[in-house]
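Some notes on the structure that comes next.
Start at 1 with the first residue, then count along the sequence.
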Amino acid sequence: MAIGIRRLGPGDEGLLESLAGEADDFDLAGASVPEPPLPPDEATAYLTDPSVLHWVAEDEGILVGELLCHVLRLPSGTGRELLLYAIGVRSAYRRRGVGTALVGEMLRWSLEAGIHEVWVLADNPGAEAFYAACGFARGGEGEQGVLMLRQVAGDQGR
């Protein structure tokens, strides 16, 4: 297996569409469903946004993994950090080093860009073990994140 890793950019709109349609094969069983692709103008904006870092892993032209990060601007400290937003490996390619290779590419990019902190929210024990094996550590004592979501609709102020 000769895995190649590259960052998505302009011209990869079709690959983005494929990733959306096959989202369920890159996640834990039952955790995702195929998603609608971005409209063409949104896909172009996504692929040209310098704060969006989306790498894919390919094996002889077959898309086998992806890793999505966002550069976050900060008002103090180092001024930037990196959020590892999502990583996925096609089910048939798991436990073959694809995820580790994607994280390695992200870390190389981060070092070259002068960003020295990367963080991720691990949402299950397997993910936490994977990130620990990649050198991530839990936050400070007592830190425990809670993911909270809110839909934005016409009910502002309630």
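Across Pro37 and Ala20, no two heavy atoms sit closer than the pair CA-CB, 4.0 Å. When all heavy atoms are compared, the tightest approach of Ser91 to Asp25 is OG-OD1, 2.6 Å. Annotation for Ala122 and Tyr131: closest pair CB-CD1, 3.9 Å, computed over non-hydrogen atoms. Closest heavy-atom contact between Pro34 and Gly21: CB-O, 3.3 Å. Heavy-atom minimum distance, Leu68 versus Tyr46: CD1-OH, 3.1 Å. Nearest heavy-atom pair across Val98 and Ala57 is CG1-CB, 3.8 Å.
For the pair Phe130 and Thr100, the minimum side-chain heavy-atom distance is below 4.5 Å. The shortest distance between side-chain heavy atoms of Val56 and Arg6 falls below 4.5 Å. Contact of the Val33 side chain with the Asp24 side chain is not registered, since no non-hydrogen atoms from C-beta on lie closer than 4.5 Å.
With hydrogens and angles ignored, the 3.5 Å screen pairs a side-chain donor or acceptor of Asp12 with a backbone N or O of Gly9. In this structure, Arg7 contributes its side chain and Leu53 its backbone to no donor-acceptor pair below 3.5 Å. Using modelled atom types, one side-chain atom of Arg80 and one backbone atom of Ala113 make a donor-acceptor pair closer than 3.5 Å. Distance alone, capped at 3.5 Å, is enough to place a donor-acceptor pair between the Asn124 side chain and the Ala127 backbone. With hydrogens and angles disregarded, a donor-acceptor distance shorter than 3.5 Å links the side chain of Glu13 to the backbone of Gly11.
Identified under the ring pair (Phe, Tyr, Trp, His ring centres under 6.0 Å) test for residues 3-23, with sequence neighbours left out: none. Annotation: side chain to side chain donor-acceptor pair (under 3.5 Å) contacts involving residues 107-123, sequence neighbours excluded, comprise Glu81-Trp119, Glu105-Arg108.
By the rule that hydrophobic residues join a cluster once side-chain heavy atoms approach within less than 4.5 Å of another member, Val120 and Leu74 end up as members of separate clusters. In this structure, Val52 is a member of the same hydrophobic cluster as Leu63, with clusters built from ILVMFWY side-chain heavy atoms closer than 4.5 Å. Cluster membership for Leu102 and Leu15, using ILVMFWY side-chain heavy atoms within less than 4.5 angstrom, is not shared. In the hydrophobic cluster analysis, where Ile, Leu, Val, Met, Phe, Trp and Tyr join through side-chain heavy atoms closer than 4.5 angstrom, Val71 is grouped apart from Leu8. Cluster membership for Ile3 and Phe26, using ILVMFWY side-chain heavy atoms within less than 4.5 angstrom, is not shared.
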Checklist entry - After noting the C-alpha distance and the side-chain angles of His54 and Leu16, does the key distance pass the side-chain contact (heavy atoms from CB on, under 4.5 Å) rule? => result CA-CA 10 Å; His54 198 158; Leu16 269 185; 4.2 Å; yes
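Atom SG of residue Cys134 and atom CD1 of residue Ile87 lie 7.0 Å apart, to the nearest 0.5 angstrom. The CG atom of Leu72 lies 7.5 Å from the CG atom of Leu82; values are rounded to the nearest 0.5 Å. To the nearest 0.5 Å, atoms CG (Leu83) and CG (Leu121) are separated by 7.0 Å.
The cationic atom of Arg96 (NZ for Lys, CZ for Arg) lies less than 6.0 Å from the six-membered ring centre of Tyr93 and within 45° of the ring axis.
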